[in-house]
Structures are given as structure tokens and as C-alpha cells.
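One structure, pasted below without further comment.
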Protein chains: 2
Amino acid sequence: MTTDTTPLTHIVDDDEAIRDALSWLFRTRNVPCATWASAEDFLAAYQEDWRGCIVMDIRMHGMSGLDCSTALRQRGSTLPIIFITGHGDVPMAVGALKRGAFDFIEKPFDDNALVDIVQSALDEDARNQARRSARVDVAARLEQLTGREREVMGLILAGKFNKVIADELNISMRTVEVHRARVFEKMGVRSAVELAQQLTLAGLYNSATPSAE
Amino acid sequence: MTTDTTPLTHIVDDDEAIRDALSWLFRTRNVPCATWASAEDFLAAYQEDWRGCIVMDIRMHGMSGLDCSTALRQRGSTLPIIFITGHGDVPMAVGALKRGAFDFIEKPFDDNALVDIVQSALDEDARNQARRSARVDVAARLEQLTGREREVMGLILAGKFNKVIADELNISMRTVEVHRARVFEKMGVRSAVELAQQLTLAGLYNSATPSAE
DNA sequence: GGCAGGCTTGCGGTCATCCACAATAGCGGC
DNA sequence: GCCGCTATTGTGGATGACCGCAAGCCTGCC
């Protein structure tokens with residue numbers, strides 16, 4: 001678990017008046033927040049393990065909000081982004097949402113509505129982080145496996161007996177047993193069932209389960 | 001597999017001129033389509049196993065497109081819906097997309113762009129159907145299980161030994177073995193590993209896998 | 001009352017898994 | 001050359017999974 005960061009609502013806007021207004025709004029509602037005067041500033045500071053959400057103007061001097069969101073996604077971020085715009089149109093809103101924005105609202109907006117949206121964005125991020133950390137954890141464990149162990153694991157998940165695995169890899173059953181034990185140990189599970197659940201949940205293993213029938 | 005229906009693009013609009021125009025457009029592009037003069041007509045005819053997508057005006061006499069989509073979702077439909085509007089605004093578009101609409105475009109629209117959107121909607125539906133049919137299949141198998149069998153299955157997926165299961169249910173090991181065999185048989189798998197994969201993939205089992213550590 | 005379906009159990013045997021103990025061998029780095 | 005890591009194999013035994021055969025009990029339904 002590398003999560004030591006508190007959820008923060010990041011305000012990204014090149015208009016100081018807006019930053020101050022939003023900042024004040026969130027603080028009075030007990031929503032921790034930080035402000036950034038440009039997309040560039042925010043991107044420069046951004047760390048992978050940040051949690052929370054982003055409230056960002058779509059039109060700014062320099063990098064636009066849309067470009068900023070694209071850059072974030074490329075860096076693997078899943079932080080929910082709420083776009084704010086003064087002169088938005090339908091295609092822009094649709095494009096932003098289809099690219100994964102959390103919401104898209106127009107100025108002037110209702111304070112209460114925005115706070116509600118931010119709250120649900122924070123909730124979504126919390127859910128994402130839970131799934132994500134599970135995936136990262138499993139991925140890290142997979143990294144520790146040696147090549148042979150990975151091979152054996154694949155055959156275990158294909159439901160094959162140690163005997164068959166030994167045959168396919170042209171090694172003895174005993175060796176398979178050793179690899180198998182190491183796989184379980186390194187993956188932190190105590191049975192093939194747990195292994196299957198862990199990998200299937202994390203979506204890190206595409207078993208070619210031969211559907212019966 | 002109950003899928004015997006061909007993917008159809010359903011045009012729902014109360015303006016006959018639009019219906020004719022869209023219908024002509026799709027036919028000339030080899031996209032099979034059907035037309036409906038109102039949301040009510042469409043809903044009355046709609047069947048669970050329909051595939052394809054929906055191109056619907058958001059503002060119509062009688063039931064609106066948004067209400068129609070809500071009704072469809074309540075009936076379990078996941079058909080991608082593309083909204084078309086003459087006088088849409090940003091909040092309306094955002095609302096529609098956040099409720100699961102596939103796209104939201106304004107009139108006048110570009111023919112080629114619409115056909116492209118419909119194509120990707122059809123693709124998405126095909127993907128959804130694949131996932132869905134797997135889920136439905138597994139759900140049907142789960143239905144066949146008796147209460148006791150479901151209980152035993154839960155404990156198997158929790159990674160417990162037959163001995164422990166027998167203990168917890170206050171029955172003999174032999175009985176557990178019988179149930180276990182029936183579970184595998186009815187679920188169409190040949191091992192606990194396959195069972196775990198199938199259920200985890202279908203998302204129909206929330207294993208309280210005690211994370212090692 | 002009889003029949004079907006579900007839940008239960010025992011016996012005995014085969015096959016698979018898991019593990020401790022013990023050992024050989026290649027490879028890259030200090 | 002020694003060390004650490006990985007891959008390899010063997011023996012033997014404890015434990016668990018799976019199966020065929022056989023059978024008793026209870027409940028709901030015709």
C-alpha cells in the first residue's frame with residue numbers, strides 16, 4: 001500500500017478570482033483542496049499516488065483543460081475530472097465526457113450542486129483506488145515470479161494436473177510441485193482457487209478457459 | 001444462447017421526414033434499421049433479446065427520449081442509445097451521457113459522422129452481448145443448484161477443505177464430496193479453479209477472500 | 001401408498017496434492 | 001573460486017480430492 005496521501009480536490013484555473021471563490025467554497029464545506037494557476041503547473045507537480053479529484057476550467061491560457069486531461073490519462077491517472085466552462089457547447093461537453101471526464105458544468109453554477117458533484121467524484125476515486133491497489137499489488141507479486149514459475153502458473157490456471165504439466169514442460173512432477181509451491185508462496189495464496197480468484201479479479205490473467213460443452 | 005436476432009439500428013423519431021432520411025442513410029450504408037414513430041411504440045415492441053442500437057430524438061410528442069431510455073434501462077436493456085436533438089443544451093447532454101447514453105449529437109449532423117457513431121455503438125453492443133450471455137449462462141446454472149449445494153460452493157470458493165466444510169455444516173465429509181461433485185457437474189466445470197474463474201469473471205460471486213498478509 | 005427429489009452416510013480404493021529431507025547443476029557477480 | 005539464484009530430481013509419507021456401490025430419511029405431490 002503506497003497510499004499515504006489525503007484526498008484533495010485540485011482546483012485548476014488561470015483566473016485567480018475563480019480559484020479563490022472555489023477554494024473558499026470547498027474549505028467552508030470541509031473539502032480539502034489545493035489550487036493551481038495553470039494546467040502546466042498542475043502536471044509538473046502531479047504524482048501518481050495523488051487521490052481526490054480535479055475541478056478544472058476547460059479554457060485556459062496555455063494548455064487547455066482537455067489537453068491536460070489527456071496528458072493525465074496518458075500518465076495512468078484515473079482522477080475524476082470535473083470540467084467547468086464559461087462558453088461551452090454540446091460537442092465539447094460530449095467529447096469531454098466520452099473521454100472519461102467525470103462531469104461538465106457551465107458557469108454560473110450552483111455552489112451546492114458543485115459540492116455534491118465533487119463529493120461523488122471523491123467517492124468514485126475512493127472506489128477506483130481500492131480496485132487499483134488490488135491490481136497493483138497482484139502485479140507486483142507477478143513480477144517476483146521467475147519465468148518457469150509463470151509458465152507453471154499458467155498451466156495450473158488452465159486446470160491441468162501436475163502430472164500433465166510435467167509432461168508438457170518435459171520436467172519431472174517433483175519439479176512442478178516445487179514451482180507450484182513457490183507460485184503460491186509468492187502470490188500470497190494457499191490454494192489454486194485463491195490464485196484464480198485473485199488473478200481473475202485483478203483482470204491480469206486471460207485464461208483460455210475451454211467453456212464446457 | 002438465445003441470440004437469434006440480427007443487430008438492428010432502431011430509429012425513434014416522431015418526425016416522419018427525419019425517419020425517412022435516417023432510414024435512407026442507413027440503408028445506403030448497409031446498416032439494417034427499423035423505424036418507430038414514438039417512444040411508446042418502440043417500448044411496446046421492444047424485446048429483451050434485441051441487439052443493435054438506438055438513434056432517438058430526445059424531444060418528441062408524448063414520451064421523451066430521456067424517459068424512454070430510463071424505461072429501457074429499467075427493463076434491463078443495455079442497447080447503446082444515440083440521442084439526436086435540435087435544441088439541446090449542455091446540461092441535457094451531460095445528463096444523458098451520465099445516465100449511460102452512448103452519444104449525443106445535435107442537428108444538423110454530418111451523415112458520415114453519424115454512421116461512424118452507429119458503427120461503434122453496434123460494436124459496443126456486440127461486446128456487451130458477449131459478456132452478458134456469459135453472465136446469463138452462469139446465472140442459469142446457479143439457479144439449478146439446490147440450497148445445500150450453494151452453501152457448499154461458497155465454502156469451496158472460500159478455499160476450505162472438505163473436512164472443514166463438513167465441520168461447519170455439521171455433516172459428514174462424504175456428503176460434502178457428493179455436493180461438491182454435483183456443483184461441478186451442474187456448473188459445467190471440472191475443478192474448483194474453473195469454478196472460481198467462471199464465477200469471478202461473471203461477477204456473480206463476491207468472495208470474501210481473506211487477503212493473505 | 002408410491003414416487004421423485006433432495007440430504008444424508010459409510011466403505012474402500014485410486015489419484016493428486018503438499019511437504020520435509022537431501023542433492024546436483026548452470027550462471028552471473030564479487 | 002565462492003556465493004546466491006534458479007532449475008532440476010528423488011524418496012517417502014501424510015493429507016486431501018474423487019468415485020463407485022449401496023442405502024437410509026424426509027418432504028411434497030399424484
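These numbers were taken from a predicted model, which means no experiment stands behind them. Below, read A as the first sequence line, B as the second, and so on, with proteins coming before strands; counting in each chain starts at 1.
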- [ ] Check whether any side-chain nitrogen or oxygen of B:Thr146 sits under 4.0 Å from OP1 or OP2 of C:dG5, and answer yes or no.
- [x]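 Indeed not, no polar side-chain atom of B:Thr146 lies that close.
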
TODO: Check the angle between the aromatic planes of A:Tyr46 and A:Trp50 and answer parallel, tilted or perpendicular using the 30° and 60° thresholds.
DONE: perpendicular

Task: Sub-4.5 Å side-chain heavy-atom contact between A:Gln197 and A:Val189 - done: no

Task: Close side-chain approach of A:Leu145 and A:Leu142, heavy atoms under 4.5 Å - done: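 A side-chain contact exists here, since the closest heavy-atom pair is under 4.5 Å.
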
- [ ] Would you give a per-nucleotide map of nucleotides 8-17 of chain C, 5' to 3', where B means the base has a protein non-hydrogen atom under 4.0 Å away, S means only the sugar-phosphate does, and - means neither?
- [x] SBBB----SS

Task: Value in whole Å for how far the P atom of D:dT15 lies from CG of B:Asp167 - done: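 Atom CG in B:Asp167 sits about 16 Å away from atom P in D:dT15.
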
TODO: Would you kindly say whether B:Arg73 and B:Ser69 are connected by a side-chain donor-acceptor distance under 3.5 Å?
DONE: no

TODO: Using a 4.5 Å cut-off on heavy atoms from C-beta on, say whether the side chain of A:Ile11 contacts that of A:Cys33.
DONE: yes

Open item on the list: Nearest whole Å is fine: how far is D:dC5 P from A:Glu185 CD?
Closed with: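 It works out to 13 Å between those atoms.
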
Task: Length of the CZ-P vector between B:Arg182 and D:dC18, whole Å - done: 15 Å

TODO: Please determine, by modelled atom types, if A:Asn128 and A:Arg51 share a side-chain donor-acceptor pair under 3.5 angstrom.
DONE: no

